[in-house]
Amino acid sequence: MKLPLEIQEFINAPDTVDFVTRATDAFFDFVRESGEVIIGQILSGRYVLGYIKEQNFPHLQEALGAAFVSSASVILGPLGRPDLEAAGIIQVHNQPYLNLKGRGVLLGFVDTGIDYTLPVFRYEDGGSKILFLYDQTAEGDPPRGFSTGVEYTVQDIDQALASDDPFSVVPQKDDTGHGTFLASVAAGRSLDGFIGAAPDAEIIAVKLRKARPFYRKKYCVPPWQDEAYESSAIMVGVEYILKKAQELDRPVVICLGMGSNFGSHDGFSVFEEYLESVSIQKGICLCAAAGNESQARHHFQGTLLAGESSPVDIKVGEQAGDVYLAIWNTISDRFSVSVRSPSGELVGRIPARSGNMTEVKLILERTKVQVEYHFPVEGSGGQLTIVRILDATPGIWTVTLYGDIVLNGGYHAWLPMTGFVSPTVEFLSASPDYTITVPATTAGPICCGAYNSANQSIYPRSSRGPSRLSQMLPDLVAPGVSVSGYYPYGYGTMTGTSAATAVLSGACALLLQWGIVEENDPAMSTYQIRAYLIRGCLRSPAMMYPNVQWGYGAVQLMQTFHLMREL
């Protein structure tokens with residue numbers, strides 16, 4: 001359905017900001033009274049995707065109050081760095097009585113796009129196994145019920161593949177290759193000795209729209225980081241896959257290979273809440289990558305005692321650019337902060353007033369310091385303190401926390417994940433725990449870490465749990481070191497938790513075939529699949545499980561089926 005031209009121009013304008021909030025009477029009252037918001041669509045019947053001009057964003061922030069923090073998008077990026085045998089998947093392929101290869105199941109990818117021309121995504125007759133391709137970056141007629149992007153059907157893709165110039169018919173390309181690789185690992189056809197985890201499953205792919213300038217500035221995303229995406233775009237992509245799966249009346253596994261350190265890490269944001277509501281639906285399985293942050297030195301935790309202060313020291317290298325720091329504390333406490341530069345210049349203790357932003361330009365350095373407080377944050381009721389150090393001078397920066405009200409005293413601080421801050425920026429006293437990235441911190445999706453199947457060791461960078469709510473994460477690990485697959489340029493390997501999650505997603509597709517397509521467990525959803533997989537995990541007798549690195553162990557699908565036989 002084509003939108004009126006003026007609405008299309010409003011939505012696509014560079015000074016427009018998108019957001020997702022709960023569908024409440026108070027919000028709709030603001031929409032009617034202000035005339036500043038255009039509603040794009042309703043997600044899952046409970047959430048509203050809206051658009052507003054950047055200059056009017058403070059009005060929205062004032063109207064939403066404490067809900068603002070969880071309604072604003074967060075920025076995410078790919079979690080892969082440019083073996084099915086170890087996961088027990090090949091054994092399941094070859095077991096004659098199971099004969100599971102993903103037939104009748106859909107695999108959804110909300111990522112950087114897909115190179116639909118690759119042979120690994122084509123049947124023997126040349127036709128495509130990609131049923132739908134939703135390009136959020138394209139301008140044209142959006143899919144029915146959506147406000148942006150262009151939809152291509154399998155008929156469009158087959159027409160493109162039959163032409164001499166496929167991209168003149170379906171112009172969507174995956175310039176990064178991340179989405180293409182994950183799709184090949186999870187659902188690639190047999191080709192030159194390679195085979196995907198669920199080769200008979202069919203694909204729905206979403207190419208994400210890049211993050212808007214407003215959010216890039218808000219989160220201090222470096223100018224050289226081009227792979228930055230918004231959580232609202234991911235929600236729209238997931239909603240698209242759900243609608244298509246519903247139309248086709250087929251079960252679907254959705255692979256989320258993106259992650260972020262922006263967010264509360266406790267599952268209370270609108271983004272995480274939406275994904276949790278999706279994961280409990282029959283015939284749907286969500287798999288989320290844990291992240292590759294355990295060795296990045298981007299997490300710090302501490303305890304502030306009543307009447308005392310607590311320093312958070314950040315090491316900043318040469319030409320580091322802007323630094324973004326988020327500090328989260330619990331519902332019972334209220335903190336305020338001061339900031340000291342490497343030269344000793346002090347930004348004195350700034351009183352904690354929710355919703356206010358204080359900016360101080362240093363006298364002896366070219367740097368500006370911004371401090372924001374938000375409390376009580378919707379959901380958890382806790383406090384978020386944001387410190388931005390703009391054009392940070394090299395050296396040790398110290399953010400000192402003071403307790404205005406202290407009962408619990410515990411807090412966590414995160415720098416942006418790798419690729420979203422200069423590699424020269426890190427905490428002096430970092431903790432590798434609590435490094436699971438958003439949205440894998442959500443209670444709904446299966447949180448997947450990575451291990452090296454060649455030597456049975458954990459992938460050193462695989463993020464560690466638990467979540468801020470002390471939920472034990474990851475749920476499990478899958479092979480994630482030198483995983484084979486296809487990029488737009490051809491065969492290659494990838495290491496990281498997004499590659500591991502693609503392997504896991506293929507395994508989940510085989511379980512959905514067994515459960516729903518073959519009617520052995522017709523009500524199967526993410527929760528049942530998680531339980532089946534956890535019971536079948538391989539575990540070392542030398543380790544206690546669950547733990548913050550391995551979760552409940554390494555996925556082993558064949559063992560899962562052996563244990564099912566005993567139920």
Side-chain angles (χ1 to χ4, degrees), residues 78 80 82 102 105-143 146 148-192 194-210 227 229 233 237-238 240-241 243-245 247-248 250 252-255 257 484-492 494 498-499 502 505-506 509:
V105 178
L106 301 169
L107 268 160
F109 301 90
V110 185
D111 216 281
T112 61
I114 191 168
D115 187 340
Y116 64 87
T117 66
L118 291 180
V120 77
F121 301 128
R122 300 173 68 174
Y123 294 112
E124 290 80 358
D125 63 1
S128 178
K129 66 178 298 180
I130 304 168
L131 299 187
F132 293 97
L133 174 51
Y134 175 30
D135 185 356
Q136 294 183 352
T137 68
E139 294 187 17
D141 294 345
F146 291 76
T148 59
V150 173
E151 173 185 79
Y152 302 102
T153 65
V154 66
Q155 290 80 15
D156 297 324
I157 297 170
D158 285 343
Q159 182 184 347
L161 293 172
S163 73
D164 295 332
D165 182 9
F167 293 112
S168 66
V169 180
V170 176
Q172 184 276 160
K173 292 183 179 181
D174 180 8
D175 297 320
T176 303
H178 188 263
T180 297
F181 190 94
L182 298 192
S184 72
V185 170
R189 302 276 298 166
S190 178
L191 180 68
D192 298 331
F194 168 86
I195 191 169
D200 290 351
E202 293 182 297
I203 294 171
I204 301 175
V206 177
K207 179 175 181 174
L208 288 169
R209 174 182 49 78
K210 299 286 180 69
E227 300 305 316
Y229 306 92
V238 169
Y240 175 82
I241 292 171
K243 285 184 179 294
K244 292 302 169 187
E247 289 174 13
L248 296 169
R250 289 167 65 175
V252 62
V253 180
I254 301 177
C255 177
S484 301
Y486 279 85
Y487 291 95
Y489 59 76
Y491 183 81
M494 179 185 288
S498 61
S505 298

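- Note on Asp111 versus Lys207: no salt bridge recorded, every NZ/NE/NH1/NH2 to OD/OE distance being 4.0 Å or above.
- The minimum heavy-atom distance linking Ser184 with Val120 is given by the pair CB-CG1, 4.2 Å.
- Of all non-hydrogen atoms in Gly257 and His178, the two that sit nearest each other are O-CE1, 3.5 Å.
- A 6.0 Å sphere centred on NZ of Lys210 holds more than 12 heavy atoms belonging to other residues, nucleotides or ligands.
- Closest approach of Gly102 and Ala198 over heavy atoms only: CA-CB, 4.2 Å.
- Atom CG of Leu191 sits about 10.5 Å away from atom CZ of Phe121, to the nearest 0.5 Å.
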Exercise. Which is it for Phe146 and Thr148 under the side-chain contact (heavy atoms from CB on, under 4.5 Å) test, yes or no, and what are the steps along the way?
Worked result: CA-CA 6 Å; Phe146 291 76; Thr148 59; 6.0 Å; no
Exercise. Going through the distances and angles, do Met494 and Leu182 end up as a side-chain contact (heavy atoms from CB on, under 4.5 Å)?
Worked result: CA-CA 9 Å; Met494 179 185 288; Leu182 298 192; 4.2 Å; yes
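- Here Leu118 contributes atom CG and Ser128 contributes atom OG; the two are 10.5 Å apart, rounded to the nearest 0.5 Å.
- Tyr229 OH to Arg209 CZ: the interatomic distance, rounded to the nearest 0.5 Å, is 11.5 Å.
- The only option from Leu131, Leu106, Ile114 that meets the side chain to side chain contact (heavy atoms under 4.5 Å, CB included) definition with Ile203 turns out to be Ile114.
- Considering all non-hydrogen atoms of both residues, Tyr152 and Pro171 come closest at OH-CD, 3.3 Å.
- The aromatic rings of Tyr487 and Phe181 sit tilted relative to each other, their planes meeting at an angle between 30° and 60°.
- Looking only at atom types and distance, the side chain of Thr180 has no donor-acceptor partner in the side chain of Tyr486 under 3.5 Å away.
- No side-chain N or O of Tyr134 forms a donor-acceptor pair with one of Gln136 less than 3.5 Å apart.
- Counting non-hydrogen atoms of other residues, nucleotides and ligands closer than 6.0 Å to CG of Asp164 gives a total of 12 or fewer.
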For this session: Determine, step by step, whether Leu208 and Val110 satisfy the side-chain contact (heavy atoms from CB on, under 4.5 Å) criterion, reporting the C-alpha distance in whole Å, the side-chain angles of both residues, the deciding distance to 0.1 Å, and the verdict.
Result: CA-CA 7 Å; Leu208 288 169; Val110 185; 3.5 Å; yes
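- Put simply, CZ on Phe109 and CG on Leu133 are 12.5 Å apart, with the number rounded to the nearest 0.5 Å.
- Asp158 contributes no side-chain N or O that, together with a main-chain N or O of Gln155, makes up a donor-acceptor pair within less than 3.5 Å.
- For the atom pair CD (Gln172) and CG (Asp156), the distance works out to 12.5 Å, reported to the nearest 0.5 Å.
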For this session: May I have the step-by-step check of side-chain contact (heavy atoms from CB on, under 4.5 Å) for Phe132 and Thr153, ending in yes or no?
Result: CA-CA 5 Å; Phe132 293 97; Thr153 65; 4.0 Å; yes
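- Judged purely by atom type and a 3.5 angstrom limit, Thr112 uses its side chain to pair as donor or acceptor with the backbone of Gly179.
- Heavy-atom minimum distance, Ala160 versus Val170: CB-CG2, 3.8 Å.
- Side-chain atoms of Thr117 and Asp115 include a donor-acceptor pair closer than 3.5 Å.
- The shortest heavy-atom contact between Ser505 and Val253 is O-CG1, 3.7 Å.
- Here the two rings, on Phe167 and Tyr116, have centers that are under 6.0 Å apart.
- Rounded to the nearest 0.5 angstrom, Leu107 CG and Lys129 NZ are separated by 8.0 Å.
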